[in-house]
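In listed order, ligands and their atoms are each counted from 1.
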Amino acid sequence: MSFKVLVTDYVWPSVEPERAVLAKIGAELVVAPDGEEDTLAALAKDVDGILTCFAQVTDKVVRAAEKCIVIGRYGVGVDNIAVDTATELGIAVTYVPDYCVDEVSDHVMGLLLDWNRRISLFDNSVKGAGWGSVPLTMRIMRLRGKRLGVVGFGRIGRAVCEKALAFGFDVLAYDPFVTAERAAEAGARSVDMETLLRESDFVTLHSPLTPETENLIGAAELEMMKEDAFLINCARGPLIDEDALYDALQLGSIGGAGLDVLVDAHPSPDYRLLSLPNLLVTPHVAFFSQEAVLELEERAAGEVAAVLQGQMPDNLVNTPVLDHPNPRHALSI
Ligand code: NAD
């Protein structure tokens with residue numbers, strides 16, 4: 001049997017690890033030259049599976065994929081895939097939810113420590129203006145005993161909590177789907193969103209992007225935060241209203257922000273938020289380590305290979321597809 005799997009995009013050096021996994025079941029890769037909707041829709045027509053990283057696998061692309069039985073996300077969030085369309089057509093969607101929990105939680109602590117210890121600021125000033133070029137007038141906190149608010153207490157939120165506890169933080173958690181007992185077992189105190197925002201010195205976002213969480217942090221929420229609070233987002237850009245954040249950072253109504261993700265996945269260098277001195281930014285790299293990416297490539301390809309062979313994948317996103325009256329996949333519960 002031979003299969004074709006479309007790779008819409010990837011951000012690592014090569015697709016050899018996924019090629020090797022899929023070759024074992026006789027599947028060949030078709031790598032898209034760009035992630036434009038028309039390009040993907042044209043290439044999707046005769047493939048059996050799709051692997052996607054950040055490219056938008058829209059309703060149009062999914063409908064064009066007439067033979068496709070599985071769409072695999074290289075990663076955690078599936079907000080770039082028209083999952084409802086896939087479910088309607090009987091196409092399975094898979095993901096790899098836990099390949100970079102260590103990396104993202106390290107990145108959160110990295111942004112937090114960089115900001116609080118002003119490591120990037122001191123590094124730039126020593127190299128640009130010499131030793132002793134910055135007066136010690138800025139607010140640097142002793143972290144022990146400070147409060148960290150974790151919004152979204154899932155895999156990554158809990159890993160951040162574990163690391164923060166080692167620094168002596170008092171951890172608050174807000175998650176409408178996690179019980180107070182579960183939060184307490186992890187060492188956090190479950191509170192409502194307003195209490196978390198008002199009481200935390202650092203706030204870090206770890207919820208998925210859904211219609212409910214879009215603009216989770218807007219002007220009203222920023223207004224509730226402490227004047228020297230630091231807001232971290234290593235989840236998804238649209239969780240924050242960036243116009244409101246720009247105003248808050250410029251007016252100094254919060255201390256600063258550390259973002260690994262922005263609303264626009266490819267912001268222009270003159271985007272006004274990027275000009276602010278109290279913003280630390282990294283280009284959506286929190287997931288990255290050589291180990292994480294190799295694991296991601298192999299597991300994402302393994303999920304697609306499983307569905308192509310009629311085997312249940314480890315992480316099926318759209319479980320209702322199992323009840324589809326006329327599914328394209330051959331999975332059964
Ligand atoms: P997870 O599913 O384990 O946890 C998400 C948590 O958010 C769940 O506990 C859920 O109950 C909670 N949640 C849902 N709606 C909420 C709401 N309205 N308010 C507060 N909490 C809510 O996911 P995870 O693995 O911890 O990933 C979290 C986020 O990190 C996702 O958005 C993912 O896309 C993002 N992520 C980013 C990177 C990166 O490189 N920057 C890498 C991996 C994951």
Determine, for R158 against D175, whether the closest basic-nitrogen to carboxylate-oxygen distance falls under 4.0 angstrom. no
With a 4.0 Å cut-off on N to O distance, would you call E28 and K4 a salt bridge? no
Any idea which atoms of ligand 1 are less than 4.0 Å away from a heavy-atom of [X]?
X	result
D260	39 (C), 40 (O), 41 (N)
V104	38 (C), 42 (C), 43 (C)
F153	9 (O)
Y174	19 (N), 20 (C)
G77	34 (O)
C234	36 (N), 37 (C), 38 (C), 39 (C), 41 (N)

Judged on heavy-atom distance to [atom], which of [options] sits nearest?
atom	options	result
atom 19 (N) of ligand 1	P176, S105, C100, A173	P176
atom 5 (C) of ligand 1	M193, E103, H206	H206
atom 22 (C) of ligand 1	S207, G157, P97	S207
atom 13 (N) of ligand 1	P211, P208, A235, G237	P208

Protein heavy atom at shortest distance from [atom]:
atom	result
atom 39 (C) of ligand 1	H284 NE2, 3.4 Å
atom 2 (O) of ligand 1	R155 NH1, 4.0 Å
atom 21 (N) of ligand 1	G152 CA, 3.4 Å
atom 40 (O) of ligand 1	F287 N, 3.1 Å

Using a 3.5 Å cut-off on N or O atoms only, is D175 in polar contact with ligand 1? yes
Please say which of V203, I217, T213, T204 ends up in a side-chain contact (heavy atoms from CB on, under 4.5 Å) with V151. V203
Ring-plane angle category for F167 and F169, please: parallel below 30°, perpendicular beyond 60°, tilted otherwise. tilted
Anything under 30° is parallel, anything over 60° is perpendicular, the rest tilted; go ahead and classify Y74 against W12. perpendicular
Tell me the contacting part of I156 for ligand 1: side chain, backbone, both, or neither, using a 4.0 Å heavy-atom threshold, strictly below. both
Test the R117-F122 pair against the cation-pi criterion, namely NZ or CZ under 6.0 angstrom from the six-membered ring centroid and within 45° of the ring axis. no
Any non-hydrogen atom of E212 lying under 4.0 Å from ligand 1? no
Of all residues at least two apart in sequence or in a different chain, which pass the salt bridge (Lys or Arg N to Asp or Glu O under 4.0 Å) check with R139? D228
Can you check whether H284 and F54 have ring centres sitting under 6.0 Å from each other? yes
Heavy-atom side-chain proximity of E291 to D102 below 4.5 angstrom: no
